[in-house]
Number of protein chains: 2
Amino acid sequence: MKISAVSKATGLSIDTLRFYEKIGLIDPPPRDGAGRRDYPEEVIGWIAFLGQLNATGMPQAERVRYAERRRQGAATYTARREMLAAHREVVRAKLALMQDTLALMDRKVAIYEQLEAEESTDV
Amino acid sequence: MKISAVSKATGLSIDTLRFYEKIGLIDPPPRDGAGRRDYPEEVIGWIAFLGQLNATGMPQAERVRYAERRRQGAATYTARREMLAAHREVVRAKLALMQDTLALMDRKVAIYEQLEAEESTDV
DNA sequence: CTAGGGGCTGGAGCATACTCCAGCTCAAGC
DNA sequence: GCTTGAGCTGGAGTATGCTCCAGCCCCTAG
C-alpha cells in the first residue's frame, strides 16, 4: 500500500504516518524501487488498535513502549499482557467517571430546563 | 479561603488556579487587605465540575465559553443547557468506544495468556 | 521530452494546557 | 525590628502531539 492509501484507510494524515514511524509506533515499511514506502496490509489493523489505545487515553510514550515490545516478538508476551491489563484498569476507571458525568449532565440539563420554564412563564 | 487551601481541596496547583483565573475559568475572587485572593467556598464545587468536564474531554476553550455564560446569569440558561446536552452526546460516544476497547483488551489479554502458556509448556 | 503529481527528508512551527521563575510585598512570630 | 513564609505579577519555558514547509527526486501520461 502507498502512504496515501494508508492515510485514506486509517484517517491519519500522511504527515502523521511518517511521524508515527519516526517515533517508533509504526515499523518502517519496505520501500519500492523509487524509495517510496510500501506498507503491508496488516498495518491498517495495527493503526486501528493504536487508535483505540489513543482514544482511551494511553499516552504516546506508552504506546511507543508497547510497539517496541511487539517488535521483539514472543519474548515480550508477558510484558505486553501486563501493559494491556494495566491500561484496562485505567479505562475501567475512566468509564466509571464518564458514567457519573453523564448522570450529572442529565441532572444539570433537567435543572436548566426547569429554570428556563420558570423564566418564560414569569414565575 | 486562601489559595493554598483551594489548591489542597481541589488538587489543582496554585499556579493552575491563577492560570484558570487568567483565562476566565474561575471568577477573580475578592482580595484581602494585603491584596491576596480570598476565594468563596463555592469555588470548590465549581472546580470539581470543571474537572469532570475536563476529564470527559471538553476542551479548555469550550469550558471557558461555559464559564463566561455562567457569569452572565439567567440570560444564558438555554445556551448552557445546549452546551451540556451537546457534550453529553460526545461523552456517550466516548463511553461506547471505551466499552469496545475494554472488550478488546479482555480478548487480547486472554490471547497473550494462551500464548504464554504455549511458550512455557514448549508446545 | 516535459509537465504534473506523489513522495521524500530534515527541520521549523503550532495548539493546548499548564509550569516555573525572578523579583517584589506583606504580615506575623520571635 | 527582622526574618520567614505565603502570596503577588508578568513573562518565559515545557511537554505532548502533531502539522507544515522548502527543496528535491521519481514515475507516468500526453
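Order of the sequence lines fixes the chain letters, A, B, ..., with proteins taken first and strands second; residue numbering starts at 1 for each chain.
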A:Y112 and B:R80: side chain donor to acceptor below 3.5 Å: yes

Sugar-phosphate, base or nothing in reach of A:R18, heavy atoms under 4.0 Å: base

Residue whose nearest DNA chain C nucleotide is more 5′ - B:R36 or B:A61: B:A61

Value in whole Å for how far the C1' atom of C:dA17 lies from CG of B:L25: 11 Å

Touch class at under 4.0 angstrom, heavy-atom based, for A:I23 against every strand present: nothing

Candidate pair A:N54 and A:M58, rule side-chain contact (heavy atoms from CB on, under 4.5 Å), full reasoning: CA-CA 5 Å; A:N54 196 17; A:M58 184 186 281; over 6 Å; no

First encountered from the 5' end of DNA chain C, between B:Q60 and A:D15: A:D15

Gap between atoms CZ and P, on B:F19 and C:dT16 respectively (whole Å): 11 Å

Atom-to-atom span, CZ of B:R31 to P of C:dT25 - whole angstrom: 16 Å

B:T16 side-chain N/O to C:dA17 phosphate OP1/OP2 under 4.0 Å: no

side-chain contact (heavy atoms from CB on, under 4.5 Å) evaluation trace for A:F49 with B:L104: CA-CA 9 Å; A:F49 178 54; B:L104 174 62; 3.6 Å; yes

Candidate pair A:R92 and A:E89, rule salt bridge (Lys or Arg N to Asp or Glu O under 4.0 Å), full reasoning: CA-CA 5 Å; A:R92 269 203 243 282; A:E89 296 318 306; 3.3 Å; yes

Rounded interatomic separation in angstrom, taking CG from A:L17 and C1' from C:dC8: 14 Å

d(NZ, A:K22; C1', C:dC8) in whole Å: 13 Å

Opening and closing nucleotides of DNA chain D in contact with chain A, under 4.0 Å to non-hydrogen atoms: D:dG17 to D:dC27

5'-most by nearest nucleotide on DNA chain D - A:Y20 or B:E21: B:E21

Non-hydrogen side-chain atoms of B:Q60 and B:I23 separated by less than 4.5 Å: yes

d(CG, A:D38; P, C:dC8) in whole Å: 10 Å

Qualifying residue for side-chain hydrogen bond (donor to acceptor under 3.5 Å, both in side chains) with A:T101, from B:R88, B:H87, B:Q52: B:Q52

Integer-rounded Å distance: C:dA27 P and B:R37 CZ: 16 Å

Atom CD of B:E62: over 12 foreign heavy atoms under 6.0 Å: yes

Between C:dG7 (P) and A:I3 (CD1): distance, integer Å: 7 Å

